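Ligands are counted one by one from 1 in listed order, and the atoms in each one are counted from 1 as well. Position 1 is the first residue of the sequence, and the numbers go up from there. Owing to the predicted nature of the structure, the values given are computational and were not obtained by experimental measurement.
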Amino acid sequence: MAETTLILLAAGNSSRFLCDAKKQWLRIGHEPLWQYVARKCVETKLFDKIIITSSSDDIEFMRSYDSFTFVEGSTTRQSSLNNALKEVESEYVLVSDIARSCISEEFLKKIISKKGEADCIVPYLKVSDTIVYDNETIDRDKVKRIQTPQLSKTSVLKDSLNTNTEFTDESSAIVANGGSREFILGENEANKITFIKDLNQLSCLSKPSNDILSGTGFDVHAFDESKDMYLCGVKIDSDFGFKAHSDGDVAIHALIDALLGAAGMGDIGMMFPDSSDEYKNIDSKILLQRVVNKIYNFGFVIVNVDLTIAAQTPRIGKYKLQMRKTIAEILNCESSRVNIKATTTEKLGFIGRSEGVGVIANANLKYFDWTKI
Ligand SMILES: Nc1ccn([C@@H]2O[C@H](COP(=O)(O)OP(=O)(O)OP(=O)(O)O)[C@@H](O)[C@H]2O)c(=O)n1
Ligand SMILES: C[C@](O)(CO)[C@H](O)COP(=O)(O)O
């Protein structure tokens, strides 16, 4: 049986971080924070297995980065941990917040060297400020700031978390269930990223790479007399629209694919399958907004987008400005970062015969630079 499994909890939604990017998706060089932490742990060779909890929104994208064991998390830290524990067979399990991103190899070794000395080995920091609790000044030497990683006997932790009580760390659950814990001195580098300003205190984190990530999208739709026509989210004065499962906004569809391409997030069909009733006749602006939200959540920033609408009919010229503004608002960027071009195909091919419209889009992204906050 394997000796020690590491669980890295990364399924939170970063609500206190107050940033478009989730903290686990900040880039350290090229790597998302969660991958950076996991890789550093792999390099220690201290663990037989590493499990990462991930939210349902993130899990497929995380899988595209690396081949760790990813387990879907849940609504609370504890329920995410319980999901991960189902995958643990080793006698000991080390649990840590991915948000404690700078833990050192020495620190991990120090905790693991205490194996067997209690049901849970837990690091803590002393407090240096006066502590007032309920208007009473209490003895600060009796106060401990609890950190992770915490090393637990797997069976004891599983038993202790088999409860409806919500604990904020493993050691509290184990002690409440009659188990023992031993404290060891923690380290400042193991402080947790909770608020964006916490990043300034963690020296191990290097700035994101300056890479520009480029993606292209291409889409074609045939005309359909039973539909209204929308292009770039703008209603076009036309006797026909586009044949499609959605509202048929071929320009937004190409743009979505360009954005997904740049981010490495697959394509529009994977995200919004046309077999799903949810997307029947849907306003494509809603789809674009969902994609854009994910792109920001995953730590990207939109640099610019450029669309070429190939249409013999309708004529696009008078709509271009409105299209730029509509798209820029959804992308949350300046209109100058959105370019719309139009061309006919000189009456050649299906576009030239006025059977439909084709759109090519290009999108450029960069990583959100958290060092500039
Ligand atoms: N349902 C949850 C909630 C939290 N976590 C993880 O537990 C750790 C500690 O949580 P916290 O720092 O509070 O992260 P968030 O829950 O993301 O932050 P917030 O409470 O501000 O939303 C984090 O690494 C987080 O990803 C988790 O796996 N599943
Ligand atoms: C487990 C923990 O990191 C120990 O200090 C902390 O309790 C997590 O709390 P959060 O509110 O989920 O950040």
Side-chain angles (χ1 to χ4, degrees), residues 5-26 28 32-38 40-41 50-59 61-62 65 68-88 93-103 107-108 111 120-127 143-152 157 160-161 165-176 181-199 201-202 205 296-299 370:
T5 301
L6 172 66
I7 296 177
L8 292 170
L9 296 170
N13 55 24
S14 299
S15 50
R16 287 171 291 176
F17 196 58
L18 295 179
C19 181
D20 288 339
K22 288 168 134 189
K23 57 194 178 191
Q24 53 272 52
W25 285 101
L26 299 175
I28 313 304
L33 183 77
W34 64 264
Q35 190 185 32
Y36 166 81
V37 176
K40 300 282 275 182
C41 290
I50 296 184
I51 299 171
I52 301 176
T53 69
S54 170
S55 74
S56 57
D57 279 343
D58 296 12
I59 197 161
F61 197 41
M62 282 191 174
Y65 273 72
F68 294 104
T69 302
F70 294 99
V71 169
E72 197 168 307
S74 188
T75 49
T76 65
R77 181 184 185 279
Q78 182 164 311
S79 51
S80 293
L81 174 56
N82 265 326
N83 289 356
L85 280 170
K86 289 180 195 143
E87 303 291 321
V88 180
V93 60
L94 190 77
V95 178
S96 196
D97 303 324
I98 209 84
R100 296 189 186 269
S101 308
C102 288
I103 43 180
F107 189 46
L108 291 171
I111 295 166
C120 186
I121 311 296
V122 48
Y124 76 100
L125 292 182
K126 294 176 182 170
V127 293
V143 174
K144 292 181 174 63
R145 288 176 51 205
I146 299 301
Q147 296 187 316
T148 72
Q150 298 185 13
L151 181 70
S152 303
L157 183 58
S160 307
L161 291 180
T165 310
E166 207 50 54
F167 293 98
T168 55
D169 80 319
E170 295 64 76
S171 77
S172 303
I174 285 175
V175 168
R181 84 178 139 196
E182 183 169 317
F183 294 105
I184 64 166
L185 203 55
E187 60 178 24
N188 283 329
E189 289 292 273
N191 279 340
K192 184 158 73 71
I193 304 166
T194 303
F195 309 102
I196 207 153
K197 65 174 171 40
D198 296 333
L199 290 166
Q201 286 149 27
L202 294 173
L205 303 178
Y296 282 115
N297 280 175
F298 290 155
W370 51 268

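Nearest-heavy-atom check against atom 5 (O) of ligand 2 across Thr148, Ile146, Val95 picks out Ile146. For atom 17 (O) of ligand 1, the nearest non-hydrogen atom from the set Ala99, Ser54, Ser14 belongs to Ser14. Of the candidates Leu9, Asp198, Thr194, Val37, it is Leu9 that places a heavy atom closest to atom 24 (O) of ligand 1. Closest to atom 9 (C) of ligand 1 by heavy atom, among Val95, Leu18, Thr76, Asp97, is Asp97. The nearest non-hydrogen atom to atom 11 (P) of ligand 1, considering only Glu72, Gln24, Lys23, Gln78, comes from Lys23.
Where the criterion is an N or O separation shorter than 3.5 Å, residue side chain and backbone included, Gln150 fails it with respect to ligand 2. Distances between N or O atoms of Phe17 and those of ligand 1 include no value under 3.5 Å.
Below 4.0 Å from some heavy atom of Ser80 lie the following atoms of ligand 1, by number and element: 1 (N), 2 (C), 27 (C), 28 (O), 29 (N). Atom numbering of ligand 1 starts at 1 in the shown order; those under 4.0 Å from a heavy atom of Thr53 are 28 (O). Close approach of ligand 1 to Lys192 (heavy-atom distance below 4.0 Å) involves ligand atoms 11 (P), 12 (O), 13 (O). Using a 4.0 Å cut-off to heavy atoms of Thr168, the atoms of ligand 2 that qualify are 1 (C), 2 (C), 6 (C), 7 (O), 8 (C). Listed by number with element, the atoms of ligand 2 under 4.0 Å from a non-hydrogen atom of Asp169 are 1 (C). Shown in contact with Arg100 at under 4.0 Å from a heavy atom are these atoms of ligand 2, numbered in order with element: 2 (C), 3 (O), 4 (C), 5 (O). The distance from ligand 2 to the heavy atoms of Asp97 drops below 4.0 Å at these ligand atoms: 1 (C), 2 (C), 3 (O). Near Thr75, the atoms of ligand 1 lying under 4.0 angstrom from a non-hydrogen atom of the residue are 1 (N).
Contacts between Lys22 and ligand 1 below 4.0 angstrom, taking non-hydrogen atoms only, are absent altogether. If you look at Ile98 next to ligand 1, the close heavy atoms, those under 4.0 Å, come from the backbone and the side chain alike. Using a 4.0 Å cut-off between heavy atoms, Ser74 contacts ligand 1 through its backbone alone, with no side-chain atom that close. At a heavy-atom cutoff of 4.0 Å, ligand 1 is contacted by no atom of Arg100, backbone or side chain. Contacts between Leu81 and ligand 1 below 4.0 angstrom, taking non-hydrogen atoms only, are absent altogether.
Annotation: atom 20 (O) of ligand 1 to nearest protein heavy atom, Arg16 NH2, 3.0 Å. Nearest protein neighbour of atom 22 (O) of ligand 1, counting heavy atoms only, is Ser15 OG, 2.5 Å. Here the protein heavy atom with the shortest distance to atom 5 (N) of ligand 1 is Gly12 N, 3.5 Å. For atom 7 (O) of ligand 1, the nearest protein heavy atom (residue, atom name, distance) is Arg77 CG, 3.6 Å. Scanning the protein for heavy atoms near atom 10 (P) of ligand 2, the closest one is Arg16 NH2, 3.7 Å.
With respect to Asp97, the side-chain hydrogen bond (donor to acceptor under 3.5 Å, both in side chains) criterion is satisfied by exactly one of Lys192, Gln147, Arg77: Arg77.
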